[in-house]
2 protein chains.
Amino acid sequence: MTSSTEASGRRPRTDKQRNRMHLLQVAEQHFTEHGVTSSLEAIAKRAGVGAGTFYRHFPSREALLAALLQARAEQLVARREAIRQQESDTTTALTLWLDALSEWATAFDGLPEPLRAAVTEDTSPLALTCQGYITTTDEFLHAARRDGGARPEVRGRDLFLGVLAMSWVRGAAMADEASPQALSALMRTGWAAPAASAETASNP
Amino acid sequence: MTSSTEASGRRPRTDKQRNRMHLLQVAEQHFTEHGVTSSLEAIAKRAGVGAGTFYRHFPSREALLAALLQARAEQLVARREAIRQQESDTTTALTLWLDALSEWATAFDGLPEPLRAAVTEDTSPLALTCQGYITTTDEFLHAARRDGGARPEVRGRDLFLGVLAMSWVRGAAMADEASPQALSALMRTGWAAPAASAETASNP
DNA sequence: CAACATACGGAGGCTGCCTCCGCTTTTTCA
DNA sequence: TGAAAAAGCGGAGGCAGCCTCCGTATGTTG
């Protein structure tokens, strides 16, 4: 990423790079402690830089988040590869990938919200990231579908949004230990009982 | 509701009641147009009252929302009764109730967020409302379960949160016509293919 | 129609977002 | 090495939104 967007022939100043690194570290810590909606000025202050400096590096909250998620992207890609190579059962692979996505989406408190926004607003710095993961989800999903492990009408985009939704709820369900797991299961199997044949419950 | 919380022997002043009514109408309109996160001062201004008056009537955004949802509560209760009396199939009844809940939760743009918060924060004026609907969901769910239409491990609370989650996503999926429906289906049947007949591919 | 209770208005304090521009630091190159 | 030029920094300040406080206006009561 270093000086990739800038077409200049000059290297970025060292203090600039240092500030950027430091800001990222501090932001990571701050978001971890107070969630992604916490004050950006507080982060700047905590990092010991002025507001101007902060905003020059990260013009928006989304830009900062995108930079923070960049680091985790590598982990997630690694996870994807690990699943692909180690898990031969495609349905299990899809499950593992969705779990990984879920963990990624809950890296910070309140993260699902900007992610959801990014799915539709292609102006967001997070948009590309999300799009990539939707594609990956679609790949896992297609594999599972070929093996009869996933319903044909479900789309990768819907699964991705579903994961975001469940991660979003998780923030509220904290008090209830069972809810997160219950909701994941809900998305996997739904609430309806498996009506093996269409011979629905006509009073046994 | 009129003067129910106040133990005073005096009737509320007429201008107070008038202001309250007017504020509710204006807020309804404003939230419909700009979502629940729009400026409260803007609503006060649009209603032609000072900020102080506004906050005296509705100390918080949640209080205002609770008051607005009060009106819709009657519709929702009516819907509940209608479903109970007209729908003999308990599984269909549950589906209809979840649809009604979903519609209720998307009355305004951004409504799912404060609703989710209310599910856990019992200090919120919306908490009681949510709790009531969770109970109702549980009743429909139990009925469906008795008739074999719902998985035994699913809880009403999870379904309620699931509906909120899907409604929340809907805000992002607007651009994609198919997503809302896809997500509702996802919660009903899950993404996994029915395992029982994994080998028998061709049928009905 | 007092006099009393009640409610109103909006100024003002506070926080957070973001921009702008004078000043400092770094880099370049003679 | 030591200017000049380029790049980056800081934080004051403008703006918007939340919410409170208290002097004033308006209903209500006898």
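So that the names make sense, note that chain A is the first sequence line, chain B the second, and so on, each numbered from 1.
For the OP1/OP2 pair of C/dC18 and a distance below 4.0 Å, the side-chain nitrogens and oxygens of A/Ser60 include no atom meeting the criterion. Proximity of A/Thr53 to the phosphate of D/dG10: a side-chain N or O atom is located under 4.0 Å from OP1 or OP2. A/Ser39 has no side-chain polar atom (N or O) that falls below the 4.0 Å cut-off from OP1 or OP2 of C/dT15. For D/dG8, the OP1/OP2 oxygens have no side-chain nitrogen or oxygen of A/Asn19 closer than 4.0 Å.
The side-chain heavy atoms of B/Leu94 and B/Leu159, taken from C-beta on, include a pair separated by under 4.5 Å.
With DNA chain D read from its 5' end, the first of the two nearest nucleotides for B/Gly52 and B/Asp15 is the one closest to B/Gly52. With DNA chain C read from its 5' end, the first of the two nearest nucleotides for A/Glu41 and B/Ala51 is the one closest to B/Ala51. Comparing A/Val49 and B/Ala42 by the nucleotide of DNA chain D that holds the closest heavy atom to each, the one mapping nearer the 5' end is A/Val49.
In this entry the distance linking CZ of A/Arg56 with P of C/dC18 reads 15 Å, nearest Å. Atom CZ in B/Phe54 sits roughly 13 Å away from atom P in D/dG17 (whole-Å rounding). B/Phe58 places its CZ atom 14 Å from the P atom of C/dA7, with the value rounded to the nearest Å. If you measure from atom CZ of A/Arg46 to atom C1' of D/dG10, you get 21 Å, rounded to the nearest angstrom. Here the C1' atom of nucleotide C/dA7 and the NZ atom of B/Lys16 are 8 Å apart, to the nearest Å. Regarding A/Leu23, its CG atom lies at a distance of 13 Å from the C1' atom of D/dG8, rounded to whole Å. One can place CZ of A/Arg20 at 12 Å from P of D/dG8, the figure rounded to the nearest angstrom. For A/His57 and C/dC18, the NE2 to P distance is 16 Å, given to the nearest whole Å.
Taking CD from B/Gln70 and OG1 from B/Thr129, the interatomic distance works out to 6.5 Å, rounded to the nearest 0.5 Å.
One finds a salt bridge joining A/Arg84 and A/Glu139 here, because a Lys/Arg side-chain nitrogen approaches an Asp/Glu carboxylate oxygen to under 4.0 Å.
In this structure, A/Arg116 fails the cation-pi test against A/Phe160, since its NZ or CZ atom is not both closer than 6.0 Å to the six-membered ring centre and inside 45 degrees of the ring normal. Relative to the ring axis of B/Phe108, B/Arg61 does not place its NZ or CZ within 45° and under 6.0 Å from the centre.
Of the candidate nucleotides D/dT28, C/dT27, D/dA7, C/dT27 has the atom nearest to the side chain of A/Thr14.
Counting any heavy atom pair closer than 4.0 Å across all strands shown, B/Arg61 reaches sugar-phosphate atoms only and no base atom.
Judged by distance alone with a 3.5 Å cut-off, no donor-acceptor contact links the side chain of B/Arg10 to the base of D/dG27.
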